[in-house]
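Presented below is the structure to which this report refers.
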Amino acid sequence: MDSPTTNNHNHIHTHHLNGASTISQPSKKPKLLSSSFITPAEIHEEFSHHDPSVARINNGSFGCCPASVIAAQHRSQLHYLRQPDNFYFNELKKGILQSRTIIKDLVNAKHVDEISIVDNATTAAAIVLQHTAWSFHEGTFQKGDVVLMLHYAYGAVKKSMEAYVTRAGGHVIEVPLPFPVASNEEIVREFRKALERGKSEGKRIRLAVIDHVTSMPCVVIPVKELVQICREEGVEKVFIDAAHSIGCVDVDMEEIGADFYTSNLHKWFFCPPSIAFLYTRKIPKGGSELHHPVVSHEYGNGLAVESAWIGTRDYSAQLVVPAALEFVNRFQGGIEGIKKRNHDAVVEMGEMLAQSWGTHLGSPPDMCGSMIMVGLPTSLGIACDDDALGLRVHLREQFGVEVPIYYRPPRDGEVGCVTGYARISHQVYNKVDDYHKFRDAVNQLVNNEI
Amino acid sequence: MDSPTTNNHNHIHTHHLNGASTISQPSKKPKLLSSSFITPAEIHEEFSHHDPSVARINNGSFGCCPASVIAAQHRSQLHYLRQPDNFYFNELKKGILQSRTIIKDLVNAKHVDEISIVDNATTAAAIVLQHTAWSFHEGTFQKGDVVLMLHYAYGAVKKSMEAYVTRAGGHVIEVPLPFPVASNEEIVREFRKALERGKSEGKRIRLAVIDHVTSMPCVVIPVKELVQICREEGVEKVFIDAAHSIGCVDVDMEEIGADFYTSNLHKWFFCPPSIAFLYTRKIPKGGSELHHPVVSHEYGNGLAVESAWIGTRDYSAQLVVPAALEFVNRFQGGIEGIKKRNHDAVVEMGEMLAQSWGTHLGSPPDMCGSMIMVGLPTSLGIACDDDALGLRVHLREQFGVEVPIYYRPPRDGEVGCVTGYARISHQVYNKVDDYHKFRDAVNQLVNNVSKSFKVVL
């Protein structure tokens, strides 16, 4: 984004929140090094396939993919089509292993065996929960044993819980969470209460499913702390549904300490749709294995190997992780730099919007990554989920703004509170104008209401 | 393929087995109509991305995709990336429904609800067999109830049976089949015997899983007849694994009469990887529903709707069925014409090879579609699965021929029989030179006598 900054220099600075500076003074570093980072023009080129008429501030739902990675994917697809047998016998396995190895290093897993590549977090959830269902069926778990999840768990995961856990005889407990939220302590408190409830019925808590970054409303959950509490309280396994996290918040398997952890690389890691990893902490031999539900030749050879062949299909999105990493490393600070600048930018833009609208943020800045919830003016009158969706459609169709809207029901006793929040995101292709466009659209709608 | 034919005309004919004729005489039909079919040059262009150094006679494993359909897929992918939210909310469902509707008409299903689109036949098998597992778990089926499958069932499906049926307490019975095979009656006989075995233990036969076209060895199974026998003998449900069938053999849901039927469109229907349909015959309300194992927002809304959204992913291969149909209809006779010409060509080429090598075909022509099994000379000494794979690798690396090889173990009492078969295929991009290349490679190996190909592994 372009905005002149006030400073003491004589020179004009144009700063991009992506870290690509076009300062007109001679750079202090040798020209070779400083010009090795991606430039604003190059970033623009990489995302020139985005609809230019749309203020695209919903990177959370579907992510993005730069042109150079799309090109790498097309090359991979054509290479397969050229001689598919040779590709299958001589190249596919190596390519998948290379991607898994890169991911292992990115997320600090101990061993590449712990990293399986699957289509998306939804698939990863099915893998973990199908295993839970088998455990109930085979008597490893007893009917009524508990599986815990957050009330703000993603809708698809809730359906998966119904399809695999409830149907198999498990008892699902939801952890209610406050929103807006002011601190990690509020979340920890509710989590502990839910654990007590789970244990109070004399059943085992077999699994806790915890979001790293909830989808709607969007909040970063203190997963490391919750995992520790789970260990203390005898929860058997912890599965972190971190669909958003890689490229958005810090992801460290050793640090977080969960048994299972999944994240999509097509949301915040510039891969094409679709690819996710499912981390499974190594268990002693004889432990019960997870399986991919689409069973093929490699059944029984471990989840990572099973997942690398689930029948003839297009694996190209899983094979271009090297190209995505290459893209990321063109930015100053690599993925860490991108994360930090996205975070700072989305907080800045969120505060700008909240100020313009007279509302507030849904969480403090330290509880958000590259997305933040911004309260919408109450005069918009959002009173149900349909209103939220209607506003989203209206913003898309009438104003060219793409942003998801959340309906937050009033709690008992609340009057005149904010009931609508927008989940804005910032990614390297965003400009400050995107957020101005959104600001002005909402202000116009407010004026229309008056 | 090009081969001069002898005839009484003065003109030179060049016939392509794809039906695109370049007869030099003035055509009897108005020029506009006859030139509306795809030409050999256009076919060549459509498959110019294929490795030209490879005699590609294994269309069965991975299929093929013409350049115009690849282009349609790329356009779809870029369109999604341009504005994915709009695509998701306003375009995806319509596109999937359009593809399902085309498939419904192609396979003569009664209602589009009966057609779900999934990644591949492997996924379809997982859907059906996971349902079977739930039936055992929930007591609908009793432990020890039988699921039947063919001995020549695809390896991945056998694993799926292990993962879902055996693990859940079901008893799996395999139907042994003869190969080489001479008639449908041989298959029917074995099938009936297996049904008797299944019923003799006093258990119900809950499901029969039958291939329409077995993979290795490749034979067209008389599925309509076997489905009827299943109905007569009280088999509860029949699932036809027809991975190869659409575009290769006749596929008619009403005619075949199965409960579940799946086929890949990326093998013989020119779609990019990957897309398959799973047909599920409508059942009365309250019947137990199949579910996609990857559960998302649409869970409970019926398999077709569930399968149309299984999380964020690239659905483009499922959206270009209209482009594939358009490609197919550029050929004389559409998919029917393509099937017939492929069949005639692969039989002709199979007979040419068998004659050159002094061997035989693995099945009569009426038991094959666009693929046929051709016996390999016994002097190649194929004595196990590894030998077969070794020969396949050797043919690929030393001769530029891509063809799967099958090891057929000798039966009791057989001496000096053919133990190796090649599964050759014919698709619109093939030329007669592809098969000559294969013929000559094998003849050269026979002449070499040395078993160097066995070292390759």
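In the text below, chain A, chain B and the rest are named by the order of the sequence lines, each starting its count at 1.
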Atom [atom1] in [X], atom [atom2] in [Y]: separation rounded to 0.5 Å?
{"X": "A/Phe87", "Y": "A/Tyr315", "atom1": "CZ", "atom2": "OH", "result": "10.5 Å"}
{"X": "A/Asp51", "Y": "B/Arg82", "atom1": "CG", "atom2": "CZ", "result": "4.0 Å"}
{"X": "B/Asn264", "Y": "B/Asp241", "atom1": "CG", "atom2": "CG", "result": "8.5 Å"}
{"X": "B/Cys65", "Y": "B/Leu265", "atom1": "SG", "atom2": "CG", "result": "11.0 Å"}
{"X": "B/Thr123", "Y": "A/Ile310", "atom1": "OG1", "atom2": "CD1", "result": "6.0 Å"}

Notebook entry, point to check: Near B/Lys143 NZ, under 6.0 Å, is it more than 12 heavy atoms from other residues, nucleotides or ligands?
Noted result: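 Enclosed: over 12 neighbouring heavy atoms sit under 6.0 Å from NZ of B/Lys143.
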Contact winner vs chain A - [options], heavy-atom pairs under 4.5 Å:
{"options": "B/Gly300, B/Gly155, B/Pro293", "value": "B/Pro293"}
{"options": "B/Gly311, B/Gly63, B/Ser48, B/Ala243", "value": "B/Gly311"}
{"options": "B/Asp85, B/Val294, B/Thr122, B/Asn58", "value": "B/Asp85"}

Contact part of [X] toward chain B, heavy-atom cut-off under 4.5 Å: side chain, backbone, both or neither?
{"X": "A/Leu81", "result": "both"}
{"X": "A/Tyr154", "result": "side chain"}
{"X": "A/Tyr80", "result": "side chain"}
{"X": "A/His297", "result": "both"}

So which part of [X] gets closer than 4.5 Å to some heavy atom of chain A, the side chain, the backbone, both or neither?
{"X": "B/Ile70", "answer": "side chain"}
{"X": "B/His291", "answer": "side chain"}
{"X": "B/Tyr164", "answer": "both"}
{"X": "B/Ala168", "answer": "both"}
{"X": "B/Glu298", "answer": "neither"}
{"X": "B/His266", "answer": "side chain"}

Side-chain contact, heavy-atom cut-off 4.5 Å: [X] with [Y]?
{"X": "A/Ser425", "Y": "A/Trp268", "result": "yes"}
{"X": "B/Cys248", "Y": "B/Lys267", "result": "no"}
{"X": "B/Phe277", "Y": "B/Ile246", "result": "yes"}

Next item on the list: Report the relative orientation of the aromatic rings in A/Tyr88 and B/Phe62; use parallel for angles under 30°, tilted for 30 to 60°, perpendicular for over 60°.
Entry: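 Because their plane-to-plane angle lies in the 30° to 60° range, the rings of A/Tyr88 and B/Phe62 count as tilted.
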I'd like to know if the side chain of [X] reaches the main chain of [Y], judged simply by a donor and an acceptor atom lying under 3.5 Å from each other, with no hydrogens or angles considered.
{"X": "A/Glu306", "Y": "A/Tyr299", "answer": "no"}
{"X": "B/Ser76", "Y": "B/Ser316", "answer": "no"}
{"X": "B/Asn430", "Y": "B/Arg56", "answer": "yes"}
{"X": "A/Ser307", "Y": "A/Leu303", "answer": "yes"}
{"X": "B/Ser160", "Y": "B/Val157", "answer": "no"}

Would you mind telling me which of [options] has the largest number of heavy-atom pairs within less than 4.5 Å of chain B?
{"options": "A/His74, A/Glu162, A/Gln130", "value": "A/His74"}
{"options": "A/Glu402, A/His50, A/Gln73", "value": "A/Glu402"}
{"options": "A/Val295, A/Leu78, A/Asn86", "value": "A/Val295"}
{"options": "A/Ala126, A/Ala163, A/Gly169, A/Cys64", "value": "A/Ala163"}
{"options": "A/Ala121, A/Pro273, A/Pro52", "value": "A/Pro273"}

Note to self: Quick check: under 4.5 Å, non-hydrogen atoms only, which of residues 388-401 of chain A neighbour chain B?
What the structure shows: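 Expected list: A/Leu389, A/Arg392, A/Arg396.
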Margin query: Strictly less than 4.5 Å between heavy atoms, which residues of residues 131-140 of chain A line up against chain B? Please order them by number.
Written below: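 The residues closer than 4.5 Å to chain B, in numerical order, are A/Ala133, A/Trp134, A/His137, A/Glu138.
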Checklist line | Salt bridge flag under 4.0 Å for residues B/Asp314 and A/Arg313 | finding: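 Looking at A/Arg313 together with B/Asp314, the answer is no, because their closest N to O distance does not fall below 4.0 Å.
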Margin query: I'd like to know if the side chain of B/Asn59 pairs up with that of B/Tyr429 as donor and acceptor (distance under 3.5 Å, no hydrogens or angles considered).
Written below: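 A pair is found: one side chain offers a donor N or O, the other an acceptor, under 3.5 Å apart.
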Next item on the list: Decide whether B/Ser68 and B/Glu46 meet the rule of one side-chain donor and one side-chain acceptor closer than 3.5 Å.
Entry: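 B/Ser68 vs B/Glu46: donor-acceptor pair found between side chains.
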